[in-house]
Asks: 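Below is the structure I would like to discuss, written out as structure tokens.
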Amino acid sequence: MDKKKKPRQQTLMSFFGANAAGKLPNASQTSNKSEDASSPAAPAPPSSPQSDSSNRKRKHSPQPDAVNEAKDNPDEVEMPVSDNDSPEEPPKKKAARKNNIPSGRLIKKGDAAKKAAAKIVTPDESASEAEDKKVVSPRKRKARNEEKEGSPPPSKKPNKTNSDNSDTEVDDSPAAENPISPEPKQQPSKKKTTPTKAINAKATGKAKTSETKIEKNASSSFVDTPQGGTSSPTSEFEKDEKEAVKEEKEQDDDKKFDKEVAKATVKMMMAGGGSPKKGSQITWKKGDDVPYAALTNTFEAIESTTKRLQITADLTDFFKRVLQLSPHNLVACIYLCLNRVGPEYEGKELGIGESILIKAIAEATARSAASIKSELAEKGDLGDIAQSSKGKQKSLFKPAALTVPSVFKTLKEISAIMGTSSQQKKIALIKKMLSACQGNEPKFLIRSLEGKLRIGVAERTVLPALANATVAMNPDFAKWSTAKREQELEEAASVIKQVYSELPTYDEIVPALLEKGTKGLAEACKLRPGVPLKPMLAHPTKAISEVLDRFEDMSFTCEYKYDGERAQIHMLEDGTVMIYSRNSENLSAKYPDVIERLHKIPKEGVKSFVLDGECVAWDREKKCILPFQVLSTRKRKDVQTADIQVQVCIFGFDLIYLNGEALTKEPLIKRRELLHTSFKEVEGEFAFAKYMDGNTVEEIQTFLDEAVAGNCEGLMVKTLEKEASYEPSKRSRNWLKVKKDYLSGAGDSLDLVVMGGYLGKGKRTGWYGGYLLACWDDDREEYQSICKIGTGFSEEQLAEHAKFFKAHIIDRPRPYYRYTDTPNLRPDVWFEPVQVWEVKAADLSISPVHQAAIGLVDSSKGISLRFPRFIRVRDDKSPEQATSATQVAEFYRNQKINSAKGGKDEDDD
DNA sequence: GGAGCGGCTAG
DNA sequence: CTCGCCG
DNA sequence: CGGCGAGATAGCCGCTCC
């Protein structure tokens with residue numbers, strides 16, 4: 001692991017000639033200096049002949065050996081050091097003074113040192129007031145810590161140690177809450193915005209209470225609950241029964257998990273822990289439509305905790321009430337919980353985004369879109385904004401209260417609107433709903449429209465809750481023993497998950513459930529061609545040894561992992577063919593060519609099937625696989641076979657259904673055999689995924705190398721006999737993937753300069769959620785944007801960065817910042833070029849927007865990074881020591897070469 | 001006909 | 001992808 | 001330690017608006 005990281009860094013360092021950069025801040029600093037100074041080629045002022053001539057050389061030599069070149073001019077690359085005396089001056093011009101300046105390194109966690117250093121670097125920016133302000137995480141976890149035992153947050157903020165003060169401190173210096181503020185001028189005012197669960201939890205006291213309840217309950221008595229009915233006093237023999245159940249069957253993990261859930265659920269049901277704040281619970285008349293508020297109150301309760309069992313319990317409780325009073329609303333409730341307007345494969349989407357929503361809220365509340373936008377930057381949640389704005393608006397007459405089906409129906413309507421002025425129509429519908437909203441409804445309505453409920457609920461929570469609720473409706477439930485309840489709950493959860501994974505359609509499952517209960521469900525809802533099932537997914541692994549560990553003495557197989565798009569191909573008895581994506585989206589319109597020629601593939605006697613495979617771009621002339629980027633240029637709608645540019649080949653690797661029989665329970669070895677006996681390959685159209693059943697490291701390594709050489713991403717490793725069924729719900733990650741990245745040094749590592757930041761949303765409110773990074777082009781003397789980055793940070797780092805950059809905000813980009821000024825790319829806040837980050841990326845690609853190494857690989861387009869992630873701050877590097885444009889270009893060319901010939905050779909260096 | 005946005009893929 | 005939380 | 005949910009990334013196509 002280290003092994004891979006290290007060499008790469010060394011490579012970079014050697015490019016710069018920066019001796020041992022990164023080891024000892026001080027040492028390296030001085031040595032850099034001395035080396036610079038003593039070097040005869042020392043950069044010298046901007047106009048120095050040296051730098052000029054080297055520039056020229058670079059420009060004229062058509063395709064020089066880039067490595068050598070970089071080595072030739074290490075000083076030039078590392079030369080300029082940031083300094084802010086004259087910010088508009090290109091950095092290079094300041095190079096002459098570099099020896100006097102401690103460079104961008106300054107910033108360490110240590111306080112005093114940092115203050116001093118920061119001052120030197122930015123005498124003009126009033127960094128001072130930022131300094132003493134601690135960074136308080138807006139996150140719930142931290143607030144919880146305070147609340148619970150007052151343990152200090154993970155960040156080593158010095159003045160945070162005293163927990164008792166923390167609350168007061170927060171109140172005292174609200175500005176410190178958010179190390180960043182959207183507009184530097186208008187400092188965040190007193191009002192502390194809390195998008196976080198913690199504060200909610202604190203306010204209601206709920207999360208805590210329920211925790212306690214659970215604890216207490218586990219050990220001793222329980223309380224009667226209005227919902228659960230009167231429960232028999234089981235606590236004494238609870239334990240024995242639990243034991244009994246436990247040893248009964250030590251099956252596979254997933255079952256165990258279900259069991260745990262079941263146990264906990266029983267407890268909570270008995271304790272009434274499932275019902276959020278009784279007072280706020282909304283009831284309605286039997287047979288009426290469920291009030292929307294009943295749902296949003298449930299959401300509110302769920303949002304206030306992160307405990308999964310608690311969430312399940314809350315949801316269960318809600319479903320129970322719906323089952324009791326308005327079962328006909330259940331489907332709509334479920335869809336709203338999942339934030340969907342219908343089954344996935346129908347592909348219905350709202351077609352609403354942030355900007356449209358802002359407009360709608362603005363109109364509905366008579367505010368300006370601009371003011372909403374700036375509030376959004378501050379608060380990070382449109383739902384909250386809608387809610388507070390709404391409060392001010394008192395409507396003259398009250399429209400009828402919203403109900404779950406009415407909201408659901410309107411959402412469906414919205415998703416159906418298309419064509420001219422569709423946006424206006426959508427806005428009108430949203431306004432109408434907003435005006436009928438009360439209480440906490442706007443918050444969740446808006447979040448639903450945004451497509452992000454952000455309360456911690458998804459399929460894997462809804463399904464068990466649904467199961468629990470159904471079981472609890474059993475008239476005998478109250479009479480059952482604890483063990484019986486647990487068992488029933490567990491079984492139900494497992495059945496529902498199983499059924500859902502094969503037929504992911506609530507429209508069918510729920511009615512069947514209502515009619516037959518969980519027992520008859522599996523019989524009623526079966527895998528069926530035409531309805532996409534959840535695909536089996538793979539778990540990433542870092543090493544071949546990890547694979548061997550995991551599968552120990554089970555038989556397994558390795559397959560090529562093709563670089564394309566997952567394709568689940570269905571053929572019905574009547575010959576209809578459909579293709580679905582990994583997310584159950586219907587791709588049939590995208591691949592008419594595949595559908596047309598699919599009849600050639602099945603052998604005699606195959607009447608219906610569901611086949612799992614990968615759809616890959618295919619070069620018919622060279623008969624080879626093309627990269628994903630080529631595939632992605634295919635049209636998606638109304639594709640006519642005649643004008644298809646990118647040809648495609650399907651690589652089949654699994655067979656899930658054949659001639660009326662589901663094969664999901666069969667082991668892979670049998671499914672694979674059936675696949676091979678039921679279908680035949682057609683060159684350039686259909687092939688079986690290449691596989692190898694060997695099980696030694698050497699064999700696998702060789703196979704992996706071959707796969708990579710054949711333009712594949714790596715390998716998939718799957719069990720053949722034991723635990724080898726196709727059951728996504730059971731263990732959705734029972735397959736492993738080994739990526740080539742691992743082989744070839746885990747991608748490229750670059751050192752990049754931070755140019756600007758984007759305000760975070762949701763749980764990143766108050767910090768920068770992402771940053772714009774650049775490389776340094778010394779020919780053009782400018783920083784060129786290369787990617788945005790938003791991942792790889794811990795929360796602590798997020799806080800540190802925000803605090804650090806606050807002292808380096810500038811009101812407009814430096815003239816030597818090169819980027820494309822699109823709204824998407826333009827940072828919310830610009831920074832001085834003061835810090836270098838090490839960033840890792842999977843790939844480099846020609847970018848339509850980024851500017852790195854422009855003119856070096858493509859005359860008008862720059863290069864960007866794919867999947868960049870933050871590794872660490874490079875305090876030992878000044879911004880002009882960042883990876884240079886030439887190096888970026890070189891990386892880009894290098895990867896092409898490597899992928900062309902198999903990538904194994906550049907492991908080290 | 002281009003900009004902006006939404007929605008999908010990928011990891 | 002990464003992270004943090006939960007069980 | 002694995003499952004899950006949430007927040008990020010690049011890049012492409014398609015629809016709407018201007």
Side-chain angles (χ1 to χ4, degrees), chain A residues 139-142 144 154 197 253-254 256-257 259-261 263-264 305-312 347 349-356 380 417-424 426 451-461 537 539-540 563-566 581-583 585 587 590 615 627-639 713-714 731-733 737 739 741 747 758 760-765 767-771 773 786-798 822-825 839-850 863-870:
Chain A
R139 297 267 299 145
K140 60 199 168 222
R141 174 174 48 73
K142 303 192 178 172
R144 276 229 183 127
K197 297 181 177 185
D253 299 348
D254 207 61
K256 270 187 222 157
F257 178 74
K259 198 179 291 178
E260 296 297 321
V261 173
K263 275 185 201 167
T305 183
T306 54
K307 299 217 175 337
R308 311 220 47 80
L309 293 175
Q310 183 63 43
I311 290 175
T312 312
E349 298 299 335
L350 289 174
I352 297 239
E354 195 175 277
S355 48
I356 295 177
I417 299 176
M418 286 184 308
T420 311
S421 75
S422 59
Q423 296 195 354
Q424 272 314 312
K426 287 178 180 180
K452 287 180 286 187
L453 227 31
R454 294 193 6 245
I455 56 175
V457 165
E459 216 108 73
R460 288 240 136 70
T461 316
L537 301 174
H539 191 82
D563 186 12
E565 183 174 16
R566 189 83 173 254
S581 79
R582 168 199 154 108
N583 290 331
E585 217 72 35
L587 297 181
K590 183 176 175 183
C615 183
F628 177 78
Q629 215 170 339
V630 175
L631 179 71
S632 70
T633 61
R634 261 183 82 120
K635 286 224 300 172
R636 277 193 283 239
K637 293 197 162 179
D638 300 323
V639 178
E713 290 181 298
R731 277 243 209 87
S732 63
R733 286 153 200 265
K737 56 185 168 193
K739 294 180 302 163
D741 295 15
Y758 305 90
K761 291 184 194 159
K763 66 183 181 188
R764 293 204 179 166
T765 305
W767 296 332
Y768 296 108
Y771 293 86
L773 301 185
I786 188 166
C787 67
K788 292 205 276 186
I789 189 167
T791 193
F793 312 106
S794 65
E795 293 192 356
E796 190 183 349
Q797 286 167 333
L798 233 30
T822 61
N824 245 343
L825 207 63
V839 163
K840 221 171 234 191
D843 263 323
L844 290 85
S845 56
I846 297 289
S847 167
V849 286
H850 290 289
I863 288 169
S864 72
L865 306 184
R866 215 154 78 109
F867 314 136
R869 53 206 189 274
F870 174 82

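Below, read A as the first sequence line, B as the second, and so on, with proteins coming before strands; counting in each chain starts at 1. Computed from a predicted model, the values in this text were never measured in an experiment.
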Asks: Select from A:K788 and A:V457 the residue whose nearest nucleotide in DNA chain D is closer to the 5' end of that strand.
Replies: A:V457
Asks: Between C:dC1, B:dA10, D:dA6, which one does the side chain of A:E565 approach most closely?
Replies: B:dA10
Asks: At 4.0 Å (heavy atoms only), tell me whether A:G564 reaches a base, stays on the sugar-phosphate, or touches nothing.
Replies: sugar-phosphate
Asks: Run the salt-bridge test on A:K737 and A:E713 with the 4.0 Å N-O cut-off and return the result as yes or no.
Replies: no
Asks: Between B:dT9, D:dG5, C:dG4, which nucleotide has the shortest distance from any of its atoms to the side chain of A:E795?
Replies: C:dG4
Asks: Return the value, rounded to whole Å, for the distance between atom NZ of A:K739 and atom C1' of C:dC1.
Replies: 8 Å
Asks: Starting the side chain at C-beta, find the nucleotide from B:dA10, D:dA8, C:dC1 nearest to A:P540.
Replies: C:dC1
Asks: Can you tell me the distance, in whole Å, between the CD atom of A:Q310 and the C1' atom of D:dG5?
Replies: 17 Å
Asks: Whole Å only: how far is the NZ atom of A:K763 from the P atom of D:dG5?
Replies: 12 Å
Asks: In whole Å, I'd like the distance from the CG atom of A:L587 to the P atom of B:dG7.
Replies: 17 Å
Asks: At under 4.0 Å, does any side-chain N or O of A:H539 touch on OP1 or OP2 of D:dG2?
Replies: no
Asks: Go through D:dG7, B:dT9, C:dC6 for me and flag the one nearest to the A:E585 side chain.
Replies: B:dT9
Asks: Answer yes when A:K761 and A:E354 have at least one side-chain N-carboxylate O distance shorter than 4.0 Å, and no when they do not.
Replies: yes
Asks: Picking from D:dG11, B:dG7, C:dC3, which would you name as closest to the side chain of A:S794?
Replies: C:dC3
Asks: Quick one: A:L773 CG to D:dA8 P, roughly how many Å, whole number?
Replies: 15 Å
Asks: By nearest nucleotide on DNA chain D, pick out whichever of A:L453 and A:G770 is the more 5' one.
Replies: A:L453
Asks: The side chain of A:T791 lies closest to which of these nucleotides: D:dA6, D:dG11, C:dT2?
Replies: C:dT2
Asks: Using whole Å, what does the distance between atom C1' of nucleotide C:dC3 and atom CZ of A:F870 come to?
Replies: 14 Å
Asks: Between P on D:dT9 and CG on A:L865, what's the gap in Å once rounded to a whole number?
Replies: 13 Å
Asks: Ignoring the backbone of A:N583, work out which of D:dG7, B:dT9, C:dC1 is nearest its side chain.
Replies: B:dT9
Asks: Closest to the A:I356 side chain: B:dG6, D:dA8, D:dA10?
Replies: B:dG6
Asks: Starting at atom NZ of A:K840, determine the distance to atom P of C:dC3, rounded to an integer number of angstrom.
Replies: 12 Å
Asks: Under 4.0 Å between any heavy atoms, over every strand shown, what does A:L631 touch: base, sugar-phosphate, or nothing? Just pick one.
Replies: nothing
Asks: Answer yes or no: does a side-chain N or O of A:R308 lie under 4.0 Å from OP1 or OP2 of C:dG7?
Replies: no
Asks: Under 4.0 Å, counting only non-hydrogen atoms across every strand here, what does A:L825 touch: a base, just sugar-phosphate, or nothing?
Replies: nothing
Asks: One character per nucleotide, please: for nucleotides 13-18 of chain D, 5' to 3', B when the base has a protein heavy atom closer than 4.0 Å, S when only the sugar-phosphate does, - otherwise.
Replies: BS-SS-
